[in-house]
Amino acid sequence: MFKDKLSLIPHLPGSYQMKNSDGVIIYVGKAKDLKKRVNSYFNRPQTGKTAKMVSEIADFSYIVASSELEAFLLEFNLIKQYDPKYNILLKDDKSYPYIEYISKPYPKLQVSRYLNIRKKDKKMLFGPYPNAYAARKIVSLINRLYPLKKCDTMPKKVCLYYHIGECLGYCERHVDKEKLQVMENEILSFLRGNADVLKNKILEKINMYSEQLNFEMALELKKELNYISIVLDKQKMELHDYVNRDIIGYYFNKGYLSIQILFLRNGRMVGGHTDIFPVVSTLEDELDTYIMNFYSRHEVPKEILCPKEVNSEILSEITSSSFLVPIKGKKKKLVDMAQENAKINLENELEIIVRDEEKTEKANDELRDILGLKKLDRIDLFDNSNLFGSFTVSCMVVFKNGRPAKKEYRKYKISLDKNDDYHTMQEVIYRRYYRALVDKTELPDLIIVDGGINQMNACMEILNSLNLSIRVCGLRKNDKHRTNDLIDSVGYKTVEIDKSSPVFHYLTRMQDEVHRYTISYHRTIRSKGAISSVLDNIEGIGTKRKKELIKTFGSISKIENASIEELSKIIPEATAIRLQEYLKEKDEEKKNK
């Protein structure tokens, strides 16, 4: 269908962009030879996800690069810019917890998550820890053994941690720098792989508590010692050079690629990352692009072991790490282990993944056909919530290609102070799509409002005023608050859908999701509003302290259950006492009513 255009593509490296009938980029790829790669989509039969993508291609474009490396970077940047629907492997935003050591202004240890880790930030991170519980457990134990700073804020007086010897009293005392340096060296030594440091420290504490006849604390630390020993023994590997490295393995079958990345830190296996996804381009390209994306969001270790199919030379240059392809020995055995794990994961999960994907895509395609839409890539759903006209909110959730796109979800505080669904819907629709037009962001193929004709009319009136032609439907619930009817704005007719069909379950899932998200936001707003109104009655609590109390405690009940000492970290002790007395009086009033 593009015979003349295909013949003009040069035999050069670069990036190509596949477009649908609306001119929207649906896939971005790269190639050493653009002519061979782009032609390969049209000169042979395709299967699976590739066949589906090819069926939607109405045009293509390409950008010639000066080298394969430049083509790689060009593809990566274009994917980030256009977020094409078939580049699904670049949409994983999962972050792993790290143990972070902060040395200044005072030593502190915490569990942190970062979506993007840049070397120039110079953070002292240890991990990643796919097992978040293990990371928190280690941080908790180190905090008990060493007098690190525990408070998020800087109180005016020393707290309980100082009196029990778990803090040096950074808020009041001049801390001995030599003592700090010894403590820091020991902690960092353990985090870098020297397990004996922590074990010896625990044994020292056990002996101290035993001499003080505090056998309860000694027994508790003995359990911690056993836990640490078991965990660290399980993590031991054959390599003893304490180099931070990842090991990459893959397995490809029936159009799906399974990737396993194992994390080896300081000679110990701390966990791994697994992903399975359908392949649209060549195996090698999908593998390289996935790896590059993964290390754009996660810490890049000193060394990465990988199979020969990975483009180790280019990836080493891009990530400034060392990608090695071991041929024999212990490192080769580690790559084989990662390959075997990737194979096991795919064999165990493939049937479930294929079934789920077929069900989701089938339901989305069926809804598109029922409504007679040309395409249905994106659905925006809206729901409103209020309590007797106060704390009115509205929320939008987004489904792309049948799946929730949580990064696109939005929350709206409504300016109206009365219970008015019609004008609430008008306000949120105007704010959402006026902003979309100004920022030139993606518009949906379908808008679904949680409600009937009244909410649909409110939505369409605003869309018309903005000169937007977007199909609108309403989802109406029955008297048992369950999804019942889909109402189409074309003719205001109720669409007949079999209650046992995949498309009906798809609609129910979408309506439940937008309702859950809206109710959750409404509860948060309502809770903060209730706290704010109470705090306004307490002398000594101004805007700044009010915000800090809301941020720290989040609800009246948590403030009520907090100790004077905990409250005094944010407000003066006398004010904390007044607040507690006020809350007790309010409780007594409620009981007497």
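- Tyr506 and Phe399 have perpendicular rings, their planes meeting at more than 60° on a 0 to 90° scale where under 30° would count as parallel.
- The neighbour count for Glu347 CD, taken as heavy atoms of other residues, nucleotides or ligands under 6.0 Å away, is above 12.
- Side-chain contact annotation: Ser321 with Glu303, donor-acceptor N/O pair under 3.5 Å absent.
- No side-chain heavy atom of Asp445 sits less than 4.5 Å from a side-chain heavy atom of Ile379.
- Annotation: side chain of Asp246 is in contact with side chain of Arg265 (closest heavy-atom distance under 4.5 Å).
- Taking the centre of each ring, Tyr256 and Phe277 stay at or above the 6.0 Å mark.
- At distances below 3.5 Å, not a single donor-acceptor pair connects side-chain atoms of Asp356 with backbone N or O atoms of Ile352.
- Here the side chain of Arg37 pairs no donor or acceptor atom with the backbone of Ser15 at under 3.5 angstrom.
- Ser7 places a side-chain N or O within donor-acceptor distance of the main-chain N or O of Asp4, the cut-off being under 3.5 Å.
- The environment of CD in Glu284 is crowded: more than 12 heavy-atom neighbours from other residues, nucleotides or ligands sit within 6.0 Å.
- Residues Glu56 and Tyr86 bring a donor and an acceptor atom of their side chains to less than 3.5 Å of each other.
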Check your understanding: Going through the distances and angles, do Tyr492 and Asn457 end up as a side chain to side chain contact (heavy atoms under 4.5 Å, CB included)?
Key -> CA-CA 10 Å; Tyr492 293 98; Asn457 284 335; 2.5 Å; yes
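- Between the side chain of Tyr412 and the backbone N or O of Ile429, no donor-acceptor pair lies under 3.5 Å.
- Side chain to side chain, Tyr422 and Asn384 fail the donor-acceptor criterion of an N or O pair below 3.5 Å.
- Under a 3.5 Å cut-off, the side chain of Ser316 and the backbone N or O of Phe323 do form a donor-acceptor pair.
- Counting only distance, with no hydrogens or angles, the side chain of Lys32 and the backbone of Gly14 share no donor-acceptor pair below 3.5 Å.
- Distance alone, capped at 3.5 Å, places no donor-acceptor pair between the Gln46 side chain and the Lys52 backbone.
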Exercise for review: Begin with the C-alpha distance, continue with both residues' side-chain angles, and end with the deciding distance and a verdict on salt bridge (charged side-chain N to carboxylate O under 4.0 Å, His left out) for Lys362 and Asp365.
Suggested key: CA-CA 5 Å; Lys362 183 181 177 183; Asp365 290 346; over 6 Å; no
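- Using a 3.5 Å distance cut-off with no hydrogens or angles, the side chains of Tyr434 and Asp439 do not pair a donor with an acceptor.
- In this structure the side chain of Phe382 never reaches within 4.5 angstrom of the side chain of Ile448, judged on heavy atoms.
- A 4.5 Å side-chain heavy-atom check between Leu466 and Leu437 finds at least one atom pair inside the cut-off.
- Relative orientation of the Phe294 and His273 rings is tilted, given thresholds of 30° and 60° on the angle between their planes.
- Listed for the Asp498 side chain is a donor-acceptor partner under 3.5 Å among the backbone atoms of Ser500.
- A salt bridge does not link Asp512 with Arg516: none of the charged nitrogens is closer than 4.0 Å to a carboxylate oxygen.
- If you check the side chains of Asn311 and Glu68, you find a donor sitting under 3.5 Å from an acceptor.
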Exercise for review: I would like to know whether Tyr409 and Glu513 meet side chain to side chain donor-acceptor pair (under 3.5 Å); could you show each step before the answer?
Suggested key: CA-CA 11 Å; Tyr409 286 15; Glu513 176 67 0; 2.8 Å; yes
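- The closest side-chain heavy-atom distance from Ile314 to Asp288 is not below 4.5 Å.
- A 4.5 Å side-chain heavy-atom check between Gln260 and Tyr251 finds every atom pair outside the cut-off.
- Between Thr289 and Lys30, the side chains place a donor N or O and an acceptor N or O closer than 3.5 Å (distance only, hydrogens not considered).
- Contact between Asp383 and Thr518 at its shortest, heavy atoms only, is CB-OG1, 3.5 Å.
- Neither side chain, Tyr250 nor Glu286, offers a donor N or O lying under 3.5 Å from an acceptor on the other.
- For Lys254, the NZ atom sits in a loose shell: 12 or fewer heavy atoms of surrounding residues, nucleotides or ligands are nearer than 6.0 Å.
- Separating the OH atom in Tyr433 from the OG1 atom in Thr441 is a distance of 9.5 Å, to the nearest 0.5 Å.
- A distance-only check finds a donor-acceptor pair linking the side chain of Gln455 to the backbone of Gly452 [under 3.5 Å].
- Shown here for Gly249 and Ala338, the closest heavy-atom pair between the two residues is N-CB, 3.6 Å.
- Looking at Thr319, its side chain does come within 3.5 Å of a backbone N or O of Leu315 through a donor-acceptor pair.
- Side chains of Tyr82 and Asn87: a donor-acceptor N/O pair is absent below 3.5 angstrom, by distance only.
- Side-chain contact between Leu463 and Ile447 is present, with at least one heavy-atom pair separated by less than 4.5 Å.
- Side-chain contact between Pro301 and Tyr295 is present, with at least one heavy-atom pair separated by less than 4.5 Å.
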